[in-house]
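So the structure is just underneath, and the comments pick up after that.
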Amino acid sequence: MDTKQFIPKELSNSIEKASFTWQTPSNIALVKYWGKSDPQIPKNASISFTLSNCYTKTSIDFVRKQVSNQACNFELYFEGKKKEDFKPKIEKFFERILMYCPYLLDYEMEIHSENSFPHSSGIASSASGMSAIAMCLLSLECALSKVEMSDAFIKRKASFLARLGSGSASRSIEGPLVVWGAHAEIPESSDVFGTKFPFQVHSIFEDYQDTILLVDKGEKQVSSTIGHNLMHNHPFAAQRFTQANENLSKISQYLQKGDINSFIKLVESEALSLHAMMLTSDPYFILMKPNTLEIINAIWHYRKVTGSKACFTLDAGANVHLLYPLSEKNEVLQFIDNELSMFCQKNQYICDHVGLGAVEK
Ligand code: PMV
């Protein structure tokens, strides 16, 4: 993939001040990305549902510098408060994308960001956070560009930039289903940006529901960055990457045909395979908590007894995502209240569903 296409060619210097606000959602992977090479190239292709209610809203105010320098100058406010400890991550992100966004050097930036979900909910905010910043930068680039930028190119570049901040953020620009990572059976798929799942999806997966059961809201013991790195020299890495790519071929068929039983089996197996990689890393680690397993067992029991099509997935943490068709919403919410919320911290869970990606505010 030629990434030079993302280096802007003709930019004007006519804009003194501008401000843009974007809201971008989190996403939940069905086939997981775990393991990468430099610079943020995934070892296997992944696919996710874009979410809706779990989002980050970010505004960036740009003011043209009076005296130019060679640094990205910005202030960062999170939920109204200046956040010095979030700055290094953003600084690193800006350095990484500078060759694709040279205009970053021309402006003083004030970034204001807030999440719809509680900060310490254990929900990863890097996907929604990085994609929201990427969209604000693309809005500035559009305003500066002397050549017209197509909507498709804007989304592609935003995903490309977001990926350099956090791999999974590449899947938060569009929806409802996004693939990231080059895959032989997914036309247009790429290692450097996410693309919409290109096939017609069966109606059973429309407006699919995701209730996030908040098992553990604390800071993760092992960050995703460390976890990804432990896939280098991992004894099962090669098989895992092959398995994930095969699972993407399979889930593509299940999504198109509406084969929900096979979908359930694959999605749950993917979640457990991700955690199996953690259990067998060197050093090994466990992100699940006892209540994660209580919930998984209760879901399996509920499915057996009722014939429900609800299934679980996990990201790199202890929380459980309960995925189910819209048609089961009332019953499943009842089940959560009766049998699952007791395993959540303060009985808390977040009701979300599949969404369409970034929205300008
Ligand atoms: O985007 P990162 O580096 O935070 O990694 C995310 C990895 C998983 O959430 C565990 C899986 C995925 O594909 O989203």
A quick test of your reading: do over 12 heavy atoms of other residues, nucleotides or ligands sit less than 6.0 Å from NZ of K196? no
According to side-chain contact (heavy atoms from CB on, under 4.5 Å), who are the partners of R303, at least two apart in sequence or on a separate chain? I264, E268, I299, W300, C311
Fellow cluster residues of Y33, listed by chain then number, with links counted only when side-chain atoms sit under 4.5 Å apart: W180
Restricting to side-chain contact (heavy atoms from CB on, under 4.5 Å), what partner residues turn up for S166, sequence neighbours left out? S126, M130, S168, A169
Under the side chain to side chain donor-acceptor pair (under 3.5 Å) test, which residues partner D191, sequence neighbours left out? none
Determine the interplanar angle of the Y208 and F263 rings, folded into 0 to 90°, and report it as parallel if under 30°, tilted if 30 to 60°, perpendicular if over 60°. perpendicular
Contacts of type side chain to side chain donor-acceptor pair (under 3.5 Å), residue T292, not counting sequence neighbours: none
Checking side-chain hydrogen bond (donor to acceptor under 3.5 Å, both in side chains) for the pair Q253/S249: CA distance, chi angles, key distance, verdict? CA-CA 7 Å; Q253 293 303 316; S249 301; over 6 Å; no
Which pairs with one or both residues in residues 140-149 pass salt bridge (charged side-chain N to carboxylate O under 4.0 Å, His left out), sequence neighbours excluded? E141-K157
Please tell me whether S139 and W22 have a donor and an acceptor in their side chains that are separated by less than 3.5 angstrom. yes
I want to know whether F74 and F94 have ring centres closer than 6.0 Å. yes
Set of residues satisfying side-chain contact (heavy atoms from CB on, under 4.5 Å) with respect to Q221, sequence neighbours excluded: L287, K289
Inter-residue atom distance Q209.CD - S327.OG, 0.5 Å rounding: 9.5 Å
In Å and rounded to the nearest 0.5 Å, what is the NZ to CD1 distance from K83 to I111? 14.5 Å
K265 and N261: side chain donor to acceptor below 3.5 Å: no
In terms of heavy-atom contacts, does CD1 of I286 have more than 12 from other residues, nucleotides or ligands at under 6.0 Å? no
Residues K309, E328: salt bridge by 4.0 Å N-O rule: no
Set of side chain to side chain donor-acceptor pair (under 3.5 Å) partners for S341, sequence neighbours left out: none
Grab the two heavy atoms, one from S131 and one from A162, that are nearest each other, plus how far apart they are. CA-CB, 3.8 Å
Considering only residues two or more places apart or on different chains, which pairs with a residue in residues 221-248 satisfy salt bridge (charged side-chain N to carboxylate O under 4.0 Å, His left out)? R240-E270
Measuring from atom OG of S68 to atom CG of L105, what distance do you get when rounded to the nearest 0.5 angstrom? 8.5 Å
Scan residues 349-361 for pairs that pass salt bridge (charged side-chain N to carboxylate O under 4.0 Å, His left out), counting only residues two or more places apart or in two chains. none
Would you say the side chain of N291 lies within less than 4.5 Å of the side chain of C344, judging by non-hydrogen atoms? no
To the nearest 0.5 Å, how far apart are CG in D216 and CE in M288? 13.0 Å
Which residue, L104, I90, N73, forms the side-chain contact (heavy atoms from CB on, under 4.5 Å) with M109? L104
Contacts table for residues 329-337: side-chain donor-acceptor under 3.5 angstrom, sequence neighbours left out:
| residue | atom | partner | partner atom | Å |
| --- | --- | --- | --- | --- |
| D337 | OD1 | Y349 | OH | 2.8 |

Neighbour count above 12 (heavy atom, 6.0 Å) for K87 NZ: yes
Can you tell me if K32 and T313 form a side-chain donor-acceptor pair at under 3.5 Å? yes
Applying ring pair (Phe, Tyr, Trp, His ring centres under 6.0 Å) to Y77 and not counting sequence neighbours gives H112
Evaluate whether atom NZ of K65 has more than 12 neighbouring non-hydrogen atoms of other residues, nucleotides or ligands under 6.0 angstrom away. yes
Any side-chain donor paired with an acceptor under 3.5 Å for N27 and S172? yes
In this structure, are over 12 heavy atoms from other groups packed under 6.0 Å from H202 atom NE2? yes
Compute whether any side-chain donor of one residue and acceptor of the other, for T195 and E188, lie under 3.5 angstrom apart. no
